[in-house]
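Accompanying notes for the structure given below.
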Amino acid sequence: MPAGAVAAQEPGDGDEDPALEALRAGDAAAGREGDRGAQGEKGHRLGFPDPFVRPRAVPPGEGPPDRPRDRERGRGPGRGHQGVHPAVPSRGRGRGIQGGRRVKEDWNDLVRDRIRKAEELRASGINPYPNDRKAGWTTAAARAAAGEKSPEELEQAAVRVDVAGRMVASRSFGKAAFVVVSDRAGRLQAYIRRDKVGEDAYSLFVKSVDVGDIVWVEGTLFITRTGELTILAERFRLLSKAIRPLPEKWHGLADVETRYRQRYVDLIVNEKVREVFRTRARIIAHIRSYLTERDFLEVETPMMQPVAGGATAKPFVTHHNALGMDLYLRIAPELYLKRLLVGGFERVFEINRNFRNEGISTQHNPEFTMVEFYQAYATYEDLMRLTEEMISGMALSLFGTTEVRFQGETIDFAPPWERIPVAAAVARHGNLPQERLSDPAFLKETALSLGIEPGKEWGPGKLLSAVFEEVAEKKIRGPAFVTEYPIEVSPLSRRNDLRPDIVDRFELIVRGREIANAFSELNDPLDQRGRFEEQLRQREAGDEEAHAMDEDFLRALEHGMPPAAGEGIGIDRLVMLFTDSPSIRDVILFPQMRKEG
RNA sequence: GAGCCCAUAGCUCAGUUGGCAGAGCAUCUGACUUUUAAUCAGAGGGUCGCAGGUUCGAUCCCUGCUGGGCUCACCA
């Protein structure tokens, strides 16, 4: 990021208080391109008293005057009363509320040490949580500014930068220390010398600042003897005191449970985890721009629905008090997106969460993210080509190649991808005679021999589908489009023109897992009503997940829906493939967990 | 929901055939102005997940529970 861009937004508007404005002007000068190398104000170093405690205008009567935090609101040293350290218990375990601050039972000595440091800072007139610094530079911008300069050239250039971030390492030498600052763009080392930052600021650093704290550093860039780009600090500022210690520097945080529950810690210490979620964001951005560029309109449809439709799954139920009615968290946006096709939005998509009240596994989280998109005047075959183009293009833009490494294997997304009918896949992977796969008796026998317990209401289509999932799906390496799904298991798909028992549908399978599901949409309102009625029969026969009747959706279809094709892609699973993550919890920031003991 | 495995210091992990609980990092004290897991000397830090049982004695053996992981099942 160009430093100038950041600096440009720095100057105050002129209607703020003078102290703040002066402060901002000073900061802006430090980061502005044209002023690089200019020396900062001499003697303007952090020390006691802290010149940068930002006076806060408090309207009279707002807030009780005795609360501890009001100490921050005065100006200069000697204000208010100090010397009370209400949150620092003497020792030992205890719980209570002292001086308005809560002391928690699980705070150990490490935490107590840090609280003590924060309280000592307050007592010295220094706010341990000031918000009066802008990071003029990112660590990456500072690196870019140094470029390939030799140590001598860099010293000559006297590039002055200021960065802020979490202090993730500290190596102290008595009268000097190396610290590492981590921000959104990377890491950068700073060298803090007593004779550079001043006696007071240095002693503050030594006594009160720990690894894990958020800090701000300003100084000029140089290269150390060992070749590391470093800020020679002239000013140093604690911006936020962390009272909990970070995990150990070498092994980091390894406990899976803690990583999922306290993702904030995981993100601080595990760079790879940050990278996974950056990749996730880029994947979603790619999908959004791909569809938007092709004239798809991004929409948002209800996530709380009176009828949970568009998929076969158990929904979560919730209740609206004022309306006095139960609502379902959606299991799919499908039926609403198709209503929009009726309404004239011929190309729509939605990227958001769906909720399914089913088990949790490495492949399933109760809430998961899908993109669903619908295109009028297109068929499922058009969507195969679109999917190939979108995902291979995604791989190219992310990695510069269509080949993706996943769990020790290479997946090549270069089109075209294999297309294989369900029955052919069953025949191939299950070593079964394909010509008998339309024989209900044979299918039932096969299902039973595989340990499947067919329901009474199951027809040949459902049986074939179950056999496919048992013997074929996991073996398909892919990427492959599985086609010719039975109409029985596809209540929303358009019937094939030549074979009434199958629909124009595909599932995208990669490494044995369903990544996408797409079909030409059923737009015959009477056929759709018949399919819903069949689903009702299945439901009455005991299939909890059979599709529910949705009269309003039928009414929409009755107004005429253009011929169309639609697709849903499971974003989480796609991200797993693209980040080499074996568990869906590794690609969801806050995966669902049981209540903490 | 079932099976198998796991839970010891803030973190990463040892350990006890049942007898006062260990290391490294982190913390605290001291030394150290170009380090890279900095180094050196010293100190503190534990309800051994929770509850029962067996036992002279349980962190260890047994039972139950809680939380987590993996594999099934369900599903995308």
Side-chain angles (χ1 to χ4, degrees), chain A residues 91-93 105-114 116-117 151 168-180 187 189-197 202 207 210-212 222-230 232 242-262 265 268-269 310-314 331-332 353-370 372 451-453 466 469-470 473 507-510 513-517 544-545 568-574 576 582-585 591 593-597:
Chain A
R91 269 195 79 90
R93 296 179 185 277
E105 213 167 39
D106 71 323
W107 283 350
N108 56 43
D109 288 350
L110 298 178
V111 176
R112 274 187 268 271
D113 273 342
R114 287 168 170 245
R116 175 182 50 75
K117 290 173 181 179
V168 293
S170 171
R171 294 177 286 275
S172 171
F173 292 82
K175 296 185 184 63
F178 290 92
V179 303
V180 178
R187 294 181 169 197
Q189 179 170 266
Y191 185 39
I192 301 178
R193 286 170 49 156
R194 191 168 73 171
D195 60 1
K196 271 283 182 185
V197 299
Y202 191 77
K207 283 190 190 145
D210 294 291
V211 167
F222 77 107
I223 294 171
T224 63
R225 241 176 247 166
T226 49
E228 175 124 357
L229 182 66
T230 303
L232 180 56
I243 62 169
R244 286 183 187 267
L246 287 181
E248 189 225 359
K249 61 191 167 195
W250 192 239
H251 302 92
L253 180 63
D255 183 77
V256 188
E257 180 175 354
T258 312
R259 286 187 43 227
Y260 295 153
R261 288 194 195 278
Q262 302 180 35
V265 181
I268 292 168
V269 299
T312 51
K314 290 183 203 110
I331 55 177
R353 235 70 64 77
N354 295 313
F355 308 87
R356 300 192 182 175
N357 204 342
E358 282 147 3
I360 294 178
S361 77
T362 51
Q363 308 292 320
H364 303 86
N365 194 62
E367 54 181 305
F368 64 102
T369 302
M370 291 231 300
E372 276 202 19
I452 298 167
E453 293 170 21
E469 280 166 19
E470 187 65 29
E473 189 168 26
E507 284 194 2
L508 170 62
I509 309 287
V510 183
R513 289 167 200 142
E514 181 188 339
I515 302 298
N517 181 17
E544 271 186 79
E545 297 184 358
I569 301 177
I571 302 276
D572 310 279
R573 290 185 176 180
L574 194 60
M576 287 168 68
S583 169
I584 200 167
R585 296 179 202 101
M593 305 283 276
R594 280 178 211 277
K595 265 190 289 188
E596 236 174 314

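In what follows, every chain begins at residue 1, and chains take the letters A, B, ... in the order their sequences are listed. Quantities reported herein were computed from a predicted structural model and do not represent experimental measurements.
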Hey, which of these two, A:Glu470 or A:Arg193, hits RNA chain B nearer its 5' end, going by closest nucleotide? A:Arg193
When you match A:Ala176 and A:Ala254 each to their closest nucleotide on RNA chain B, which lands nearer the 5' end? A:Ala254
Pairwise [atom1] distance, [M] and [N] [rounded to whole Å]:
N: B:A43; M: B:A26; atom1: C1'; result: 14 Å
N: B:C48; M: B:G22; atom1: P; result: 14 Å
N: B:C60; M: B:G49; atom1: C1'; result: 15 Å
N: B:C56; M: B:A51; atom1: P; result: 23 Å
N: B:C40; M: B:U35; atom1: P; result: 16 Å
N: B:C20; M: B:C62; atom1: C1'; result: 25 Å
N: B:G46; M: B:A23; atom1: C1'; result: 14 Å
N: B:A76; M: B:G69; atom1: P; result: 22 Å

Counting only side-chain nitrogens and oxygens, does [X] get under 4.0 Å of the OP1 or OP2 atom of [N]?
X: A:Lys249; N: B:G10; result: no
X: A:Arg114; N: B:U27; result: no
X: A:Lys117; N: B:C28; result: yes
X: A:Thr312; N: B:A76; result: yes
X: A:Arg171; N: B:U35; result: no
X: A:Arg585; N: B:G69; result: yes
X: A:Thr362; N: B:G69; result: no

In whole angstrom, give the distance that lies between atom [atom1] of [X] and atom [atom2] of [N].
X: A:Trp250; N: B:A37; atom1: CH2; atom2: C1'; answer: 5 Å
X: A:Ile192; N: B:C32; atom1: CD1; atom2: C1'; answer: 17 Å
X: A:Asp210; N: B:U27; atom1: CG; atom2: P; answer: 6 Å
X: A:Gln189; N: B:A37; atom1: CD; atom2: C1'; answer: 14 Å
X: A:Leu508; N: B:A76; atom1: CG; atom2: C1'; answer: 12 Å
X: A:Asp113; N: B:U27; atom1: CG; atom2: P; answer: 9 Å
X: A:Glu367; N: B:A76; atom1: CD; atom2: C1'; answer: 14 Å
X: A:Lys175; N: B:U34; atom1: NZ; atom2: P; answer: 11 Å

Expected output: side-chain [X] to main-chain [Y] donor-acceptor under 3.5 Å:
X: A:Arg356; Y: A:Ile331; value: yes
X: A:Asp572; Y: A:Thr369; value: yes
X: A:Glu248; Y: A:His251; value: yes
X: A:Tyr202; Y: A:Arg193; value: no

Please evaluate residues A:Gln363 and A:Glu514 with respect to the criterion side chain to side chain contact (heavy atoms under 4.5 Å, CB included), reporting the C-alpha separation (whole Å), side-chain torsions for both, the decisive distance (0.1 Å), and the verdict. CA-CA 10 Å; A:Gln363 308 292 320; A:Glu514 181 188 339; over 6 Å; no
Which nucleotide in [options] has an atom nearest any side-chain atom of [X]:
X: A:Leu253; options: B:U35, B:A76, B:U12; value: B:U12
X: A:Leu110; options: B:A26, B:C25, B:G68; value: B:A26
X: A:Arg261; options: B:C70, B:G67, B:U34; value: B:G67
X: A:Glu228; options: B:G68, B:C74, B:U35; value: B:U35
X: A:Glu358; options: B:C74, B:U34, B:G10; value: B:C74
X: A:Arg594; options: B:U34, B:G67, B:G10; value: B:G67

What contact category does [X] fall into here, base, sugar-phosphate, or nothing, at under 4.0 angstrom with non-hydrogen atoms?
X: A:Phe222; answer: base
X: A:Met370; answer: nothing
X: A:Asp255; answer: sugar-phosphate
X: A:Gly570; answer: nothing
X: A:Gly252; answer: sugar-phosphate
X: A:Arg187; answer: nothing
X: A:Asn365; answer: base

Out of curiosity, [X] [atom1] to [Y] [atom2], how far, rounded to the nearest 0.5 Å?
X: A:Ile584; Y: A:Ser361; atom1: CD1; atom2: OG; answer: 7.5 Å
X: A:Ile515; Y: A:Met576; atom1: CD1; atom2: CE; answer: 8.0 Å
X: A:Lys314; Y: A:Asn357; atom1: NZ; atom2: CG; answer: 8.0 Å
X: A:Arg513; Y: A:Arg573; atom1: CZ; atom2: CZ; answer: 8.0 Å

Are the ring of A:Phe173 and the six-membered base ring of B:U33 within the stacking cut-offs of under 5.5 Å and under 30°? no
RNA chain B base-pair string [pairs: Watson-Crick or G-U under 3.5 Å; |: paired with another strand]: (((((((..((((.....[..)))).(((((.......))))).....(((((..]....))))))))))))....
In terms of the angle between their ring planes, are A:Phe222 and A:Tyr191 parallel, tilted or perpendicular, with boundaries placed at 30° and 60°? tilted
Which heavy atom in A:Leu253 sits nearest to a heavy atom in A:Arg259, and how many Å separate them? O-CD, 3.4 Å
